[in-house]
Q: 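I'd like to ask some things about the structure below.
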Amino acid sequence: MQIKLLALTALPIATLLSLSLATPAKITIDHNTGGEANRNFKFKNVPSPAKDDLGAKAKLVLVDGDIDSNGSDLTALTDGILPTDEDEPAANFFFNAGTSGGRVRLDLGSILELAQVNTYSWHPNTRGPQLYKLYASNGADPKFNGEPKRSVDPATCGWNFIVTVSTLPAEGDEGGQYAVSITDPSGSLGKYRYLLFDCYVTETNDDWGNTFYSEVDVGAKK
């Protein structure tokens, strides 16, 4: 699938490209449209969302940004309850309209070796695609900052950059269901306790560019 990167003031395309080249992580993307985009969340390559993954017991913290009151709170990301319709705000987490996204931290409670991180979204329009950077940390660095605001580069305070994700299609319909699976050729993304999602808008033509995130799954290496 062809992917394009969105050039935003807060997210220079040169930065996105350099970060993408700095990691060996593998990104698998599936995009369901039409009748294939339904409540079953079945995809060609990415596993369907799980109810018993590591994320189900994780603690979520809003590090930066504003939650849209028309949607769900952070629990929608890990509760295993999926939207049944393509435009169901109450079943998704998303940042406030007119803002440039934000950061969310996921705390697994202890250091674990991770095999994959999967993210899912669904919307009939520009709020379907996903655009974010993923960082991870074991919290052991003396300079560790567990809640770095967007003015702070996580890499300077104890976080490891994992990957930049963009599911923006190079052409065609942006709406539908998106599933992303982040893995590593070695079978392990590393040993971490914390994940930091730095989320960006998919477009700036209007106020409706913040993605409807339906679920986040975290899988341990077996």
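What you see below is based on every heavy atom in this structure, not just the backbone, and it leaves out hydrogens, waters and symmetry mates.
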Q: What is the ring orientation for F94 with F212, classed by angle as parallel under 30°, tilted 30 to 60°, or perpendicular over 60°?
A: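 Geometry flag for F212 against F94: parallel rings.
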Q: Would you say L112 and L134 are hydrophobically clustered, going by side-chain heavy atoms of ILVMFWY under 4.5 Å?
A: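 As far as the 4.5 Å side-chain criterion goes, L134 and L112 are connected within one cluster.
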Q: With heavy-atom distances below 4.5 Å as the criterion, would you say the side chains of P154 and R103 are in contact?
A: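 P154 reaches R103 side chain to side chain.
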Q: Show your working on side-chain contact (heavy atoms from CB on, under 4.5 Å) between L114 and V218 and close with a plain yes or no.
A: CA-CA 7 Å; L114 306 183; V218 183; 3.9 Å; yes
Q: Begin with the C-alpha distance, continue with both residues' side-chain angles, and end with the deciding distance and a verdict on side-chain contact (heavy atoms from CB on, under 4.5 Å) for Y192 and I162.
A: CA-CA 11 Å; Y192 300 111; I162 302 299; 3.9 Å; yes
Q: Quick one about Y132 and T119 (side-chain donor to acceptor, distance below 3.5 Å, no hydrogens or angles considered), yes or no?
A: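 Judged by distance alone, the side chains do pair up.
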Q: Are V163 and I29 in one and the same hydrophobic cluster, where Ile, Leu, Val, Met, Phe, Trp and Tyr link if side-chain heavy atoms are under 4.5 Å apart?
A: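 Yes, same cluster.
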Q: Any chance NZ of K26 has more than 12 other-residue heavy atoms, nucleotides or ligands included, within less than 6.0 Å?
A: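 For K26, atom NZ is not crowded (no more than 12 foreign heavy atoms under 6.0 Å).
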Q: Would you call L106 and Y194 a side-chain contact if the rule is heavy atoms closer than 4.5 Å?
A: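 Side chain of L106 against side chain of Y194, heavy atoms only: no contact under 4.5 Å found.
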Q: For R105, run the side chain to side chain contact (heavy atoms under 4.5 Å, CB included) check against L195, L60, L196 and tell me which one passes.
A: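 Looking at L195, L60, L196, the match for R105 under the side chain to side chain contact (heavy atoms under 4.5 Å, CB included) is L196.
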Q: Between R150 and D64 (salt bridge meaning N to carboxylate O under 4.0 Å), is one present in this structure?
A: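 No, no charged N to carboxylate O under 4.0 Å.
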Q: Heavy-atom distance under 4.5 Å between the side chains of Y200 and K133, does that happen here?
A: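 Result yes, sub-4.5 Å side-chain heavy-atom pair found.
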Q: Please round to the nearest 0.5 Å and tell me the distance separating atom CG of D68 and atom CH2 of W208.
A: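 Result: 7.5 Å between the selected atoms.
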Q: Is V46 reachable from L189 through a run of I, L, V, M, F, W or Y residues, each pair having side-chain heavy atoms under 4.5 Å apart?
A: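 L189 does not cluster with V46.
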Q: Measuring only between side-chain heavy atoms, which start at C-beta, is S137 closer than 4.5 Å to R193?
A: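 They are not in side-chain contact.
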Q: Would you kindly say whether S181 and N118 are connected by a side-chain donor-acceptor distance under 3.5 Å?
A: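 N118 and S181 do have a side-chain donor-acceptor pair below 3.5 Å.
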Q: Does any part of the side chain of H123, heavy atoms only, come nearer than 4.5 Å to the side chain of N92, both counted from C-beta?
A: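 No, every pair of side-chain atoms sits at 4.5 Å or beyond.
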Q: What I'd like to find out is whether the side chain of V104 reaches to under 4.5 Å of the side chain of F95, using heavy atoms alone.
A: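 Yes. Closest side-chain heavy atoms under 4.5 Å.
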Q: Answer with yes or no after comparing the ring centroid distance for F161 and Y135 against a 6.0 Å cut-off, counting only values under it.
A: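 Judged by ring-centre distance (under 6.0 Å), F161 and Y135 do meet the cut-off.
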Q: Determine, step by step, whether L168 and E174 satisfy the side-chain contact (heavy atoms from CB on, under 4.5 Å) criterion, reporting the C-alpha distance in whole Å, the side-chain angles of both residues, the deciding distance to 0.1 Å, and the verdict.
A: CA-CA 7 Å; L168 289 163; E174 293 183 339; 4.2 Å; yes
Q: As an exercise, state the distance from OG1 of T28 to NZ of K44, rounded to the nearest 0.5 Å.
A: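 Here the interatomic distance stands at 12.0 Å.
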Q: Looking only at side-chain N and O atoms, does S188 offer a donor or acceptor that is under 3.5 Å from a partner on E113?
A: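 S188 and E113 do have a side-chain donor-acceptor pair below 3.5 Å.
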Q: Does the side chain of C157 reach to within under 4.5 Å of the side chain of F144, using non-hydrogen atoms?
A: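 In short, these two side chains do not touch, never coming nearer than 4.5 Å.
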Q: Do T156 and N145 make a side-chain contact, defined as non-hydrogen atoms from C-beta onward lying under 4.5 Å apart?
A: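 No - every pair of side-chain heavy atoms lies 4.5 Å or more apart.
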Q: Do we see a donor-acceptor contact under 3.5 Å between the side chains of S121 and Q130?
A: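 Checked: S121/Q130 side chains pair up, N/O donor to acceptor below 3.5 Å.
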Q: Of D173, D85, D87, which is the lone residue that meets side chain to side chain contact (heavy atoms under 4.5 Å, CB included) with P124?
A: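 Going through the options one by one, the only one that passes is D87.
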Q: Would you kindly say whether T99 and D66 are connected by a side-chain donor-acceptor distance under 3.5 Å?
A: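 No, because no side-chain N or O of T99 sits under 3.5 Å from a partner of the opposite role on D66.
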Q: Please test I27 against V180 for side-chain contact (heavy atoms from CB on, under 4.5 Å), starting from the C-alpha separation and ending with a verdict.
A: CA-CA 7 Å; I27 306 173; V180 174; 3.9 Å; yes
